[in-house]
Colleague: 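Below is the structure I would like to discuss, written out as structure tokens.
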Amino acid sequence: MEPQIAVIDFGSQYTQLIVRRLRELGYFSKLYQPEALRETGAPKGVILSGGPSSVLEEGAPDIDLDYLRELGVPVLGVCYGMQLLNKKLGGVVVPGEGSREYGQAGLFPVDGAALFEGVAAGSQVWMSHSDTCADLPDGAQVIARNQHGIPVSIRWDEQFTGIQFHPEVTHSHEGMQILKNYLAMLDDKPRFKIDSFKDLLIAQIREEVGEREVVCGVSGGVDSTVLALSLIHISEPTRQDTRSRMPSSA
């Protein structure tokens with residue numbers, strides 16, 4: 001299944017949560033490393049995640065801007081993703097004044113900004129960054145500021161938009177509405193349902209495994225547990241067989 005939205009991972013602790021939120025909203029999304037941008041197929045949208053690096057560092061994670069333009073789909077840069085877009089599109093990024101900005105802030109959108117339709121002025125958002133976009137390229141527009149008047153969202157053109165905060169975390173009180181507004185910009189409709197996705201994965205595993213037996217180690221985490229249960233469902237053993245094959249906890 002090709003992703004409707006490709007999420008490019010720049011290393012943020014919240015990146016997996018972006019994927020989850022998009023799937024909760026009915027859009028199948030997958031995570032890719034920046035160098036795998038050309039392997040994303042034909043997504044209807046691209047989100048550039050946050051990350052711990054600074055775009056001012058030598059060797060900082062980068063993105064193929066020409067290929068993003070070639071895709072021609074709405075691109076949303078989040079935190080590091082916003083700073084990277086501003087730099088690559090001709091703007092200036094500088095170290096923020098004082099210490100790293102981490103915590104809640106107020107969001108004050110400009111009137112008519114589609115990304116913030118239905119979002120209240122002063123709505124709480126969550127910040128986690130060190131750098132800031134100081135100068136914007138010609139044609140760019142600030143579409144939201146924080147309570148201190150500092151730009152926290154930029155629209156460079158019809159394709160590229162950035163936000164300095166993290167809409168995917170619950171600390172951003174209207175983050176899901178902002179993601180919905182981004183999804184409304186796509187030339188696509190919600191098509192993802194977790195039940196049908198489960199059936200697809202089971203069919204793929206069944207085809208790959210065939211008649212072979214599978215040994216699955218379970219750590220007790222979510223990923224390995226879901227995999228183990230999927231394998232059990234595929235083989236459809238009796239409950240007694242399942243118990244006999246599952247090792248006891250150490």
Side-chain angles (χ1 to χ4, degrees), residues 5-19 21 29 31-40 45-69 71 74-108 115 124-157 159-169 171-172 175 178-179 182:
I5 305 169
V7 179
I8 307 303
D9 182 14
F10 289 110
S12 168
Q13 60 182 320
Y14 305 132
T15 305
Q16 290 280 5
L17 191 53
I18 297 175
V19 173
R21 297 300 186 218
S29 59
L31 203 59
Y32 296 88
Q33 294 303 302
E35 60 271 19
L37 177 62
R38 291 178 178 268
E39 301 172 12
T40 59
V46 176
I47 293 181
L48 309 182
S49 86
S53 300
S54 166
V55 299
L56 304 175
E57 298 171 354
E58 184 177 354
D62 202 355
I63 197 69
D64 187 339
L65 183 66
D66 290 337
Y67 188 70
L68 284 177
R69 290 193 183 280
L71 285 174
V75 177
L76 178 65
V78 177
C79 199
Y80 180 90
M82 169 172 149
Q83 297 158 12
L84 180 62
L85 285 176
N86 193 58
K87 180 182 178 183
K88 295 189 75 66
L89 290 168
V92 176
V93 176
V94 299
E97 296 182 4
S99 60
R100 177 181 180 88
E101 184 178 16
Y102 182 82
Q104 65 188 44
L107 176 70
F108 293 87
L115 186 64
Q124 178 180 301
V125 293
W126 190 257
M127 300 287 189
S128 179
H129 64 99
S130 299
D131 298 335
T132 187
C133 296
D135 295 315
L136 308 184
D138 291 342
Q141 177 189 8
V142 175
I143 57 174
R145 299 179 183 271
N146 66 11
Q147 67 271 28
H148 305 299
I150 298 173
V152 295
S153 185
I154 301 169
R155 185 175 185 267
W156 291 275
D157 54 36
Q159 184 181 11
F160 296 100
T161 307
I163 52 179
Q164 188 61 78
F165 55 90
H166 292 271
E168 67 274 17
V169 301
H171 301 335
S172 292
I178 294 169
L179 289 176
Y182 165 71

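Heavy atoms only: backbone and side chains are in, while hydrogens, waters and symmetry mates are out. Keep in mind that this is a model prediction, so the values were computed, not measured.
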Colleague: Quick one: pull up OH in Y32 and CD1 in I8 and give me the separation to the nearest 0.5 Å.
Modeller: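 Those atoms lie 8.0 Å apart.
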Colleague: Roughly how far, to the nearest 0.5 Å, is CD1 of I143 from CZ of R155?
Modeller: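 One gets 7.5 Å once the value is rounded to the nearest 0.5 Å.
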Colleague: Before giving the answer on side chain to side chain contact (heavy atoms under 4.5 Å, CB included), spell out for V125 and Q104 the whole-Å C-alpha distance, their side-chain angles and the decisive distance to 0.1 Å.
Modeller: CA-CA 6 Å; V125 293; Q104 65 188 44; over 6 Å; no
Colleague: Write down the atom of G50, the atom of C79, and the distance for their closest heavy-atom approach.
Modeller: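 Shortest heavy-atom separation between G50 and C79 comes out as CA-CB, 4.0 Å.
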Colleague: Atom CG of L17 and atom CD of E168: how far apart are they, to the nearest 0.5 Å?
Modeller: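 Those atoms lie 5.5 Å apart.
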Colleague: So how far is it from W156 CH2 to M82 CE, rounded to the nearest 0.5 Å?
Modeller: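 Answer rounded to 0.5 Å: 5.5 Å.
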Colleague: Between the main-chain N or O of V93 and the side-chain N or O of D135, is there a donor-acceptor pair closer than 3.5 Å?
Modeller: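 No, D135 side chain to V93 backbone: no donor-acceptor pair under 3.5 Å.
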Colleague: If you look at every heavy atom in P52 and S12, which pair is closest and at what distance?
Modeller: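 In this case the closest contact between P52 and S12 is CD-N, 4.2 Å.
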Colleague: Under a 4.5 Å cut-off applied to non-hydrogen side-chain atoms, are Y182 and P74 in contact?
Modeller: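 Result yes, sub-4.5 Å side-chain heavy-atom pair found.
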Colleague: Within the structure provided, determine whether S172 and Q124 are in side-chain contact (heavy-atom separation under 4.5 Å).
Modeller: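 No, too far: nothing below the 4.5 Å cut-off.
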Colleague: Side-chain contact, heavy-atom cut-off 4.5 Å: L107 with I178?
Modeller: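 Sidechains of I178 and L107: in contact.
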Colleague: Mind checking whether L84 and F10 have side chains closer than 4.5 Å, heavy atoms only?
Modeller: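 They are in contact (side-chain heavy atoms under 4.5 Å apart), so the answer is yes.
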Colleague: Search all heavy atoms of Q147 against all heavy atoms of G106 and return the closest pair with its distance.
Modeller: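 Smallest interatomic distance, heavy atoms only, reads OE1-N, 2.9 Å.
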Colleague: Side chains of F108 and N146, heavy atoms from C-beta outward: is any pair under 4.5 Å?
Modeller: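 Side chain of F108 against side chain of N146, heavy atoms only: no contact under 4.5 Å found.
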Colleague: Check L179 against P167 and note the closest heavy-atom contact, atom names and distance.
Modeller: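 Closest approach of L179 to P167: CD2-CG, 4.0 Å.
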Colleague: Does the side chain of L136 come within less than 4.5 Å of I154's, by heavy atoms?
Modeller: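 When only atoms from C-beta onward are counted, L136 and I154 do touch, with a gap below 4.5 Å.
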Colleague: How about Q83 and Q164: do any of their side-chain heavy atoms sit closer than 4.5 Å?
Modeller: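 The answer is yes, as the side chains (C-beta and beyond) meet within the 4.5 Å cut-off.
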Colleague: In chain order, what residues pass the side-chain hydrogen bond (donor to acceptor under 3.5 Å, both in side chains) check against S49, with sequence neighbours excluded?
Modeller: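 Partners of S49 under the side-chain hydrogen bond (donor to acceptor under 3.5 Å, both in side chains) test: T15.
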Colleague: Check whether any side-chain N or O of Q159 sits under 3.5 Å from a backbone N or O of L68 as a donor-acceptor pair, and report yes or no.
Modeller: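 Pair found, side chain donor or acceptor close to backbone of L68.
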Colleague: Rounded to the nearest 0.5 Å, how far apart are CD of Q16 and CZ of R21?
Modeller: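 One gets 12.5 Å once the value is rounded to the nearest 0.5 Å.
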Colleague: Out of curiosity, Q141 CD to D157 CG, how far, rounded to the nearest 0.5 Å?
Modeller: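 With rounding to 0.5 Å, CD (Q141) is 11.5 Å from CG (D157).
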Colleague: Could you give me the CA-CA distance, side-chain angles and deciding distance for L115 and S153, then say whether side chain to side chain contact (heavy atoms under 4.5 Å, CB included) is met?
Modeller: CA-CA 9 Å; L115 186 64; S153 185; 4.1 Å; yes
Colleague: So, S54 side chain and L56 main chain: donor-acceptor pair closer than 3.5 Å or not?
Modeller: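 Yes.
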Colleague: Could you check whether any side-chain N or O of K88 sits under 3.5 Å from a backbone N or O of L65, counting only pairs where one atom can act as donor and the other as acceptor?
Modeller: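 A pair under 3.5 Å: no.
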Colleague: Side chains of V55 and Y80: does their closest heavy-atom pair fall under 4.5 Å?
Modeller: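 A side-chain contact exists here, since the closest heavy-atom pair is under 4.5 Å.
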Colleague: Is there a side chain to side chain contact (heavy atoms under 4.5 Å, CB included) between T132 and I150 once you walk through the steps?
Modeller: CA-CA 9 Å; T132 187; I150 298 173; 4.2 Å; yes
Colleague: With respect to I5, which candidate in V46, I47, T40 satisfies the side-chain contact (heavy atoms from CB on, under 4.5 Å) definition?
Modeller: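 Passing option: I47.
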